[in-house]
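To start, the structure itself, in structure tokens.
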Amino acid sequence: MTVRVRFAPSPSGYLHIGGARTALFNWLWARNTGGTFVLRVEDTDQERSSLDSVSAILDAMEWLGLDWDEGPVKGGPCGPYFQSERRERYRAVVDEMIGAGTAYRCYATKEELDAARTELKAKDPKAQFVYPGWWRDRRDWPTNAPYVVRFKSPRDGQTTVRDQVRGAVTTPNSQLQDFVLMRSDGYPLYNLSCVVDDHDMGITLVARGDDHLINTAPQILIHEALGWTPPTFAHLPMMLSPKGEKLSKRHAAVAVQDYRARGYSPMGVLNYLVRFGWSHGDQEVFSRSELIGLFGWDHVGKSAGKFDEKKFLDVNFAHLKDERLTDTEAYLAAVAPFLARRGIVEPDPALLRAALPHIRERARTYEEAAFALDYFFRELPEIDPQAAAKFLTPATGPILDGLAVALDASAEWQAAALEARFRAWLESSGHELKLAAQPARVALTGRTASPPLFDVMEVVGRARTVRRLRHAAQTAAGG
RNA sequence: GGCCCCAUCGUCUAGUGGUUAGGACAUCGGCCUCUCACGCCGGUAACAGGAGUUCAAAUCUCCUUGGGGUCGCCA
């Protein structure tokens with residue numbers, strides 16, 4: 001049987017980092033097996049779903065490179081892929097179930113239910129309300145009254161889920177109640193639409209978050225009520241906040257787009273996410289193609305983990321600093337928007353290529369890269385006042401002037417030659433490299449930390465190096 | 001509270017009966033050095049507790065404890 005997996009987000013916001021992890025595992029499995037990755041939009045909650053959310057999610061998926069074979073935009077043989085467009089199908093299924101006696105109309109109103117809930121609460125605050133099945137066996141349906149359709153859940157026995165990562169998980173059916181399949185407005189509820197679509201779309205494996213483990217027994221029961229064979233399941237361990245709570249905005253950035261905005265690379269994100277629950281021995285860093293080749297369910301863990309931004313940053317860094325993982329072209333394309341944000345638009349490509357090797361190992365994100373690249377593209381660097389106060393003192397003025405002259409006299413404008421000139425001049429004038437280096441760095445970069453001085457000079461070029469040294473000398477004299 | 005799931009360094013994890021319990025992040029030292037990084041070397045740091053099974057248990061079983069999930073006309 002060829003693998004068909006799906007990712008089924010509900011469009012009520014952005015793509016959550018945990019959702020992205022679910023999507024990734026499904027996608028990897030499809031790509032690993034040559035199967036099909038289906039994207040399905042679960043927009044049956046009219047109040048929460050929005051078109052903006054759909055495009056935000058599709059956008060994030062594309063950015064991550066999690067391409068889908070069937071779904072929105074792409075289409076496919078099992079469409080439509082928006083649940084809101086599949087209502088007749090759910091209606092038909094529900095009618096079939098009512099006909100077969102595995103579901104029934106329930107005319108209890110929300111008000112009646114709420115009243116029963118509060119009444120119970122008053123009697124016993126700790127008790128849990130269970131729908132008592134008022135309409136379970138009634139046939140005296142009123143005409144023109146709104147109703148929901150409920151599942152006629154078996155009262156005894158047990159249901160066992162076969163799960164790729166957990167093994168067999170058994171729930172007593174007595175725990176289940178006659179849950180609602182279809183709202184009074186005709187829209188299906190999650191458990192129904194999910195089952196119908198997984199069946200209709202030929203899904204063979206449902207991989208999703210652990211929080212859905214509890215939904216699985218009811219879903220299997222629906223499958224069985226319809227005479228269908230349930231797919232197999234894989235419940236992924238939860239991603240928790242650093243404190244061990246449900247991961248939300250309060251604890252960390254949780255939207256994929258947040259990381260994009262901060263200058264993370266798609267593979268940095270994917271690599272961090274895949275290691276959350278999956279491992280391959282001691283290996284930490286993976287390319288996209290390695291991941292596809294290596295991924296499998298046998299090394300997916302069971303225990304929930306806590307989100308760690310520091311590790312995340314480091315994994316991203318691993319991808320940015322290694323040109324085998326992020327080649328020059330990809331790097332330059334990715335850093336461009338962050339340069340633009342600093343006002344550096346259409347930077348000189350040759351200059352960019354020359355500077356890049358020097359900042360790669362100093363930038364953990366593209367945002368940091370843009371910062372590290374900044375002064376290469378300016379006439380004069382923006383000088384940090386604290387750096388100036390510390391290093392551009394009256395005493396350093398003449399040194400910087402002297403250096404400007406000495407370096408300008410160099411025939412060759414290349415790091416090693418410049419260093420030789422620099423050292424020679426210092427020696428002849430009785431200064432120490434250690435003392436002259438920082439003022440020169442501030443002159444060149446405006447900062448106290450940068451790539452090696454002579455590399456910077458080489459990339460910045462003769463004219464601007466000399467100008468920067470002279471300008472800083474003036475500042476030093478004036479300050 | 002009922003039901004379900006989970007349990008190795010602070011964090012992510014390797015480990016599938018016999019290991020000095022390994023790696024990575026973080027952290028702390030050191031080397032390199034014109035600064036910052038990168039890189040390299042080294043340190044601190046874990047099998048939740050208790051019973052079993054076994055010649056042998058981080059690995060198997062049970063109990064306890066702890067954590068998480070879920071109990072909607074949300075997904």
Side-chain angles (χ1 to χ4, degrees), chain A residues 8-12 42-45 47-49 83 106 108-110 113-114 117 124-131 146-150 161 163 166 169-172 174-177 179-185 187-191 193-194 208-217 235 237-238 240 242 244-246 272 275-285 299 301-315 317-318 321 358-364 372 387 391 419 422-423 432-442 445 447-454:
Chain A
S10 75
S12 56
E42 308 218 324
D43 57 348
T44 54
D45 188 333
E47 291 188 9
R48 298 190 201 190
S49 302
Q83 291 189 325
C106 170
T109 62
K110 235 179 224 174
L113 253 13
D114 284 344
R117 279 199 186 94
D124 180 0
K126 281 186 283 190
Q128 274 303 319
F129 178 76
V130 175
Y131 171 74
Y147 61 89
V148 299
V149 178
R150 287 183 183 269
V161 181
D163 191 289
R166 320 240 156 213
V169 178
T170 300
T171 316
S174 59
Q175 281 302 307
L176 277 23
Q177 47 178 314
F179 53 89
V180 175
L181 296 169
M182 184 171 275
R183 295 178 173 87
S184 49
D185 65 4
Y187 275 85
L189 243 46
Y190 171 67
N191 278 327
S193 54
C194 177
R208 71 221 312 193
D210 211 358
D211 48 340
H212 285 287
L213 187 53
I214 209 82
N215 284 321
T216 312
H235 286 94
M238 299 290 286
L240 271 17
E245 304 165 302
K246 195 160 182 171
Y272 178 70
R275 287 286 294 105
F276 219 104
W278 177 83
S279 62
H280 182 254
D282 284 341
Q283 189 171 347
E284 296 283 349
V285 179
H299 286 283
K302 303 186 203 182
S303 50
K306 295 172 187 166
F307 186 77
D308 182 355
E309 294 221 52
K310 288 199 171 132
K311 177 108 182 184
F312 195 171
L313 230 204
D314 184 75
V315 170
F317 186 29
K321 74 184 166 203
H358 303 296
I359 62 97
R360 262 192 121 111
E361 68 207 26
R362 275 167 256 264
R364 295 175 298 178
F391 294 109
E419 180 165 2
F422 194 99
R423 286 178 185 275
E432 273 189 74
L433 178 63
K434 274 196 195 273
L435 297 177
Q438 283 303 76
R441 187 183 320 281
V442 175
T445 69
R447 306 169 186 175
T448 55
S450 81
L453 214 41
F454 309 104

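Reminder, nothing fancy here: chain letters follow the sequence lines and each chain counts from 1. The structure presented is a predicted model; accordingly, all values stated were derived computationally and were not measured. Only this structure's heavy atoms are used, side chains among them; waters, hydrogens and symmetry mates stay out.
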Exercise. Looking at the side chain of Glu42(A), which of rA75(B), rU8(B), rU35(B) is the nearest nucleotide?
Worked result: rA75(B)
Exercise. If you check the Asn215(A) side chain, which of rA75(B), rA14(B), rC34(B) turns out closest?
Worked result: rA75(B)
For this session: Check every atom of rU11(B), rG22(B), rA26(B) against the side chain of Asp308(A) and return the nucleotide holding the closest atom.
Result: rU11(B)
Exercise. Which is true for Gly277(A) with a 4.0 Å heavy-atom rule: it touches a base, it touches only sugar-phosphate, or it touches nothing?
Worked result: sugar-phosphate
Exercise. Of all the nucleotides listed (rC38(B), rA14(B), rU70(B)), which has the minimum atom distance to the side chain of Ile214(A)?
Worked result: rU70(B)
Seminar exercise, completed: Quick note, Glu361(A) side chain, CB onward, closest among rG69(B), rC38(B), rA26(B) is rC38(B)
Seminar exercise, completed: Side-chain contact check for Phe276(A): nearest option of rC25(B), rC12(B), rC73(B) is rC12(B)
For this session: Remember a base hit wins even if backbone is also touched, and classify Phe454(A) as base, sugar-phosphate or nothing at under 4.0 Å, heavy atoms.
Result: base
Seminar exercise, completed: Closest of rC71(B), rC6(B), rC12(B) to the Gln177(A) side chain is rC71(B)
Problem set entry | Side-chain ion pair, Arg48(A) and Asp45(A), N-O less than 4.0 Å | yes
Seminar exercise, completed: Winner on side-chain proximity to Leu453(A), out of rC4(B), rG22(B), rC34(B), is rC34(B)
Problem set entry | Rounded distance in Å - CG (Asp185(A)) to C1' (rC74(B)) | 13 Å
For this session: Sticking with atom P, work out how far rC47(B) lies from rC9(B), rounded to a whole angstrom.
Result: 7 Å
Exercise. Think Lys310(A) has a side-chain N or O under 4.0 angstrom from the OP1 or OP2 of rA26(B)?
Worked result: no
Exercise. Parallel under 30°, tilted from 30 to 60°, perpendicular over 60°: which one fits the rings of Tyr190(A) and His212(A)?
Worked result: tilted
Exercise. Checking only heavy atoms, does the side chain of Asp210(A) share a donor-acceptor pair with the base of rG69(B) at less than 3.5 Å?
Worked result: no
Exercise. Among rC4(B), rC25(B), rC74(B), which is the nearest nucleotide to the side chain of Pro172(A)?
Worked result: rC4(B)
For this session: Report yes or no: is there a donor-acceptor pair, N or O only, under 3.5 Å between the side chain of Arg166(A) and the base of rC5(B)?
Result: no
Problem set entry | Check: rA75(B) base within 3.5 Å donor-acceptor of Asp211(A) side chain | no
For this session: Identify the nucleotide, in any strand shown, that forms a Watson-Crick or G-U wobble pair with rG42(B), with both distances under 3.5 Å; if there is none, say none.
Result: rC28(B)
